[in-house]
Amino acid sequence: MEPSEMMHLLDMSDLFKILGDKTRLAILALLHVQALCVRDIVMILQVSQPSISQHLAKLKGQGLVKESKKGSWVLYSINDDCEPIVKAILDYLPDLRHRVKELERRGLKAAL
């Protein structure tokens, strides 16, 4: 096997390790709906803030999500420059739009 082929396999292995976690997949599904802050993700998934932050750091490190500042808030969103295979996987994730809408309906979504 050529070195470039081995590197590609290693990169794919790392990607699938990142995607092999249900919380990270849920985060990606939420961010596929819209950009969210950590607080909103915590409220929707009912997972601790440190845990969500660690998952987001791993997703960001793999280049799957990006962050942007809006005032004092940090918003996370899907990185549009991610691999085509990731975009295909996003299409297979459940649509969690109703979870975001429920948070808004209850008045718990961060006011950005």
Side-chain angles (χ1 to χ4, degrees):
M1 190 175 298
E2 298 205 17
S4 63
E5 293 170 326
M6 183 55 81
M7 286 303 297
H8 184 69
L9 286 174
L10 290 172
D11 290 343
M12 293 303 292
S13 174
D14 289 343
L15 173 65
F16 287 123
K17 284 178 190 173
I18 292 293
L19 295 175
D21 181 90
K22 66 180 179 181
T23 302
R24 286 192 285 272
L25 284 175
I27 291 169
L28 288 174
L30 287 169
L31 297 180
H32 194 50
V33 173
Q34 72 181 67
L36 296 168
C37 67
V38 171
R39 178 187 173 277
D40 290 339
I41 298 169
V42 166
M43 296 290 291
I44 293 169
L45 297 182
Q46 295 295 298
V47 176
S48 73
Q49 182 272 324
S51 177
I52 293 298
S53 292
Q54 287 180 355
H55 285 299
L56 283 166
K58 289 178 182 179
L59 291 167
K60 187 178 171 197
Q62 190 67 33
L64 302 176
V65 300
K66 60 185 178 182
E67 63 182 37
S68 60
K69 295 277 279 180
K70 186 169 183 181
S72 62
W73 295 95
V74 176
L75 292 177
Y76 292 87
S77 59
I78 299 292
N79 183 355
D80 296 328
D81 296 331
C82 61
E83 295 285 331
I85 191 168
V86 174
K87 293 177 182 179
I89 289 169
L90 289 172
D91 290 337
Y92 281 94
L93 295 176
D95 185 351
L96 297 183
R97 186 175 323 273
H98 67 283
R99 303 286 300 269
V100 175
K101 294 293 182 194
E102 177 64 16
L103 193 67
E104 290 171 348
R105 187 189 69 72
R106 293 174 46 207
L108 299 175
K109 189 167 182 315
L112 306 174

Check: If you round to the nearest 0.5 Å, how far is CD1 of I44 from NZ of K109?
Finding: 8.0 Å
Checklist line | Step-by-step side-chain contact (heavy atoms from CB on, under 4.5 Å) determination, F16 to I89 | finding: CA-CA 11 Å; F16 287 123; I89 289 169; 4.3 Å; yes
Next item on the list: Dump the intermediate steps for side-chain contact (heavy atoms from CB on, under 4.5 Å) on V86 and L28, then the final yes or no.
Entry: CA-CA 10 Å; V86 174; L28 288 174; 5.5 Å; no
Notebook entry, point to check: So, for A35 and L75, which heavy atoms are closest and what is the spacing to 0.1 Å?
Noted result: CB-CB, 4.4 Å
Check: What pairs with K60 under salt bridge (Lys or Arg N to Asp or Glu O under 4.0 Å), at least two apart in sequence or on another chain?
Finding: E67
Next item on the list: May I have the step-by-step check of side-chain contact (heavy atoms from CB on, under 4.5 Å) for L30 and L45, ending in yes or no?
Entry: CA-CA 10 Å; L30 287 169; L45 297 182; 3.9 Å; yes
Item checked: Which residues share a side chain to side chain contact (heavy atoms under 4.5 Å, CB included) with L108, sequence neighbours left out -> M43, L103, R106
Next item on the list: Return each pair, listed once, that meets salt bridge (charged side-chain N to carboxylate O under 4.0 Å, His left out) where at least one residue sits in residues 45-55; pairs must be two or more places apart or across chains.
Entry: none
Next item on the list: Give every residue pair that meets the side chain to side chain donor-acceptor pair (under 3.5 Å) criterion with at least one member in residues 7-18, sequence neighbours excluded.
Entry: none
Check: What pairs of residues pass the side chain to side chain donor-acceptor pair (under 3.5 Å) test when at least one of them lies in residues 77-99, not counting sequence neighbours?
Finding: none
Next item on the list: Sequence neighbours left out, what passes salt bridge (Lys or Arg N to Asp or Glu O under 4.0 Å) with R105? Give chain and number order.
Entry: E102
Note to self: I need the K66 NZ to I78 CD1 distance, nearest 0.5 Å.
What the structure shows: 9.5 Å
Next item on the list: Among residues two or more places apart or on two chains, list those pairs meeting side chain to side chain donor-acceptor pair (under 3.5 Å) that have a residue in residues 20-38.
Entry: R24-H55
Note to self: Just verifying a value: how many Å separate S53 OG and Y76 OH, rounded to the nearest 0.5 Å?
What the structure shows: 6.0 Å
Checklist line | side chain to side chain contact (heavy atoms under 4.5 Å, CB included) partners of S48, counting only residues at least two apart | finding: P50, S51
Next item on the list: Using the test side chain to side chain contact (heavy atoms under 4.5 Å, CB included), find all partners of E2 that sit at least two apart in sequence or belong to another chain.
Entry: S4, E5
Margin query: Tell me every residue that passes side chain to side chain contact (heavy atoms under 4.5 Å, CB included) with V42, counting only those two or more places apart in sequence or in another chain.
Written below: V38, Q49, I52
Check: Hey, are the side chains of L36 and L31 touching, using non-hydrogen atoms and a 4.5 Å cut-off?
Finding: yes
Checklist line | Test item: I41 and L56 side chains (from C-beta on) under 4.5 Å apart, heavy atoms | finding: yes
Check: Taking all non-hydrogen atoms of both residues, which atom of L64 and which atom of C82 are closest, and how far apart?
Finding: CD2-CB, 4.3 Å
